[in-house]
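Every chain is numbered from 1, with letters handed out A, B, ... down the list of sequences.
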Protein chains: 2
Amino acid sequence: MLHDRLGFLLKHAQLELTERTTSALAPLGINGRELAVLTVLGAGEALAQQQAAGRLAIDRTTMVDLIDALERKGLVERRPDPADRRRNLVHLTPGGRTVLDSGERIYRTAEGEFVAALDAGEAAQLKELLRRVLGLD
Amino acid sequence: MLHDRLGFLLKHAQLELTERTTSALAPLGINGRELAVLTVLGAGEALAQQQAAGRLAIDRTTMVDLIDALERKGLVERRPDPADRRRNLVHLTPGGRTVLDSGERIYRTAEGEFVAALDAGEAAQLKELLRRVLGLD
DNA sequence: TATTGTTATACTCTATAACTATA
DNA sequence: TATAGTTATAGAGTATAACAATA
């Protein structure tokens, strides 16, 4: 059957988590991917686009559009790296920092609700399978 | 950080599992999605396309192309349902049954190797997180 | 009227190749 | 010559709308 297939369950677990985090973050005007970008950018020193892409395992051509969107929303700023003018260092704006902080809280809450939901309904099968397949019984 | 985010880990776990199953199944000329379709079709009575789509939580318009591909490979056959001629009942061919049987074995092996790999390398973080987040300690 | 399969279309995410400006 | 960012393009996977045949 299907419901003991890890591929099927991982796919639908991810779909449901994405749905939950997307609607939870919507009031901030961002989605989970954009929050992830803000998270790596806000972790320490400003990063070049490719550095941020590397940490997220995202292609550099995909990162261009992500930064475009965040810049349009006023959450980040591209500034040429004085030490290597091929690079853009991407800085969080004050607004970006605010959105990052509340976005992190919202994301954690949504993640926790998703995990709690695993205990009920159809999704219990995912937890069951993970428990068995990971040998955690 | 990123590596304790369930969304990030689920995504990359799925990517790696897909990669493993895709290359393991390649000698059979099918991928994991097509094996899943063969699995629901081979489970019991022949199903109409929408019934199969429903069990896989796949859109009926997507199912059309999936059945097209499997039919071109000679693994399934559409036959009009005599009881309701709007429907196609999709039957496994003998070749389709053979591919399903060995595909299932191959899939299970790949799944097991994926889980084993979780114990080593970077992916250990996934197992750690799942263990913690699912409260399985 | 409603439903099954189908086609056309579009949107998202991703990746490859080629361009520009720098190094 | 190599690299960072960019653009154009194409490939999956998905979904919506509309159509023909059938109920």
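- Between Arg78(B) atom CZ and dG5(C) atom P there is a gap of 9 Å when expressed in whole angstrom units.
- Note that CG of Leu92(B) is 8.5 Å distant from CG of Leu75(B), once rounded to the nearest 0.5 Å.
- Residue Gln49(B) is tested with Val37(B), Val64(B), Leu89(B), Leu41(B) for a side chain to side chain contact (heavy atoms under 4.5 Å, CB included); the sole match is Val64(B).
- Taking 4.0 Å as the cutoff to heavy atoms of chain B, we find the contact window on DNA chain D bounded by dG13(D) to dA23(D).
- Judged purely by distance below 3.5 Å, without hydrogens or angles, the side chains of Glu104(A) and Thr39(A) pair a donor atom with an acceptor atom.
- Atom CD1 of Ile67(B) and atom C1' of dT4(C) are 13 Å apart (whole Å).
- Of all non-hydrogen atoms in Gly29(B) and Glu34(B), the two that sit nearest each other are O-OE1, 4.1 Å.
- Counting only residues at least two apart or in different chains, salt bridge (Lys or Arg N to Asp or Glu O under 4.0 Å) contacts with residues 81-90 of chain B comprise Asp84(B)-Arg86(B).
- Take the nearest nucleotide of DNA chain C for Asp84(A) and for Arg60(A): the residue whose nucleotide is more 5' is Arg60(A).
- Here Ile67(A) contributes atom CD1 and Glu77(A) contributes atom CD; the two are 12.0 Å apart, rounded to the nearest 0.5 Å.
- If you take CG of Asp68(B) and P of dT6(C), they are 7 Å apart, rounded to a whole angstrom.
- Among the atoms of the strands shown, only primed sugar atoms or phosphate atoms (P, OP1, OP2) are found under 4.0 Å from some heavy atom of Gln49(B).
- For dT4(C), the base has no donor-acceptor partner in the side chain of Arg87(B) [N/O atoms by modelled type, under 3.5 angstrom].
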With 3.5 Å as the limit, what N/O pairs link the protein to nucleotides 12-16 of chain C?
from    : atom 1 : to       : atom 2 : distance (Å)
dT14(C) : OP1    : Lys11(B) : NZ     : 2.9
dT14(C) : OP2    : Arg33(A) : NH2    : 2.2
dT16(C) : O4     : Thr61(A) : OG1    : 3.2

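- Contact annotation: Gln50(B) side-chain N/O to dT3(C) OP1/OP2 distance is not under 4.0 Å.
- Ion pairing between Arg20(A) and Glu111(A) fails under the 4.0 Å rule for side-chain N and carboxylate O.
- We find that Asp68(B) and Lys73(B) are not joined by a salt bridge, their nearest charged nitrogen and carboxylate oxygen being 4.0 Å or further apart.
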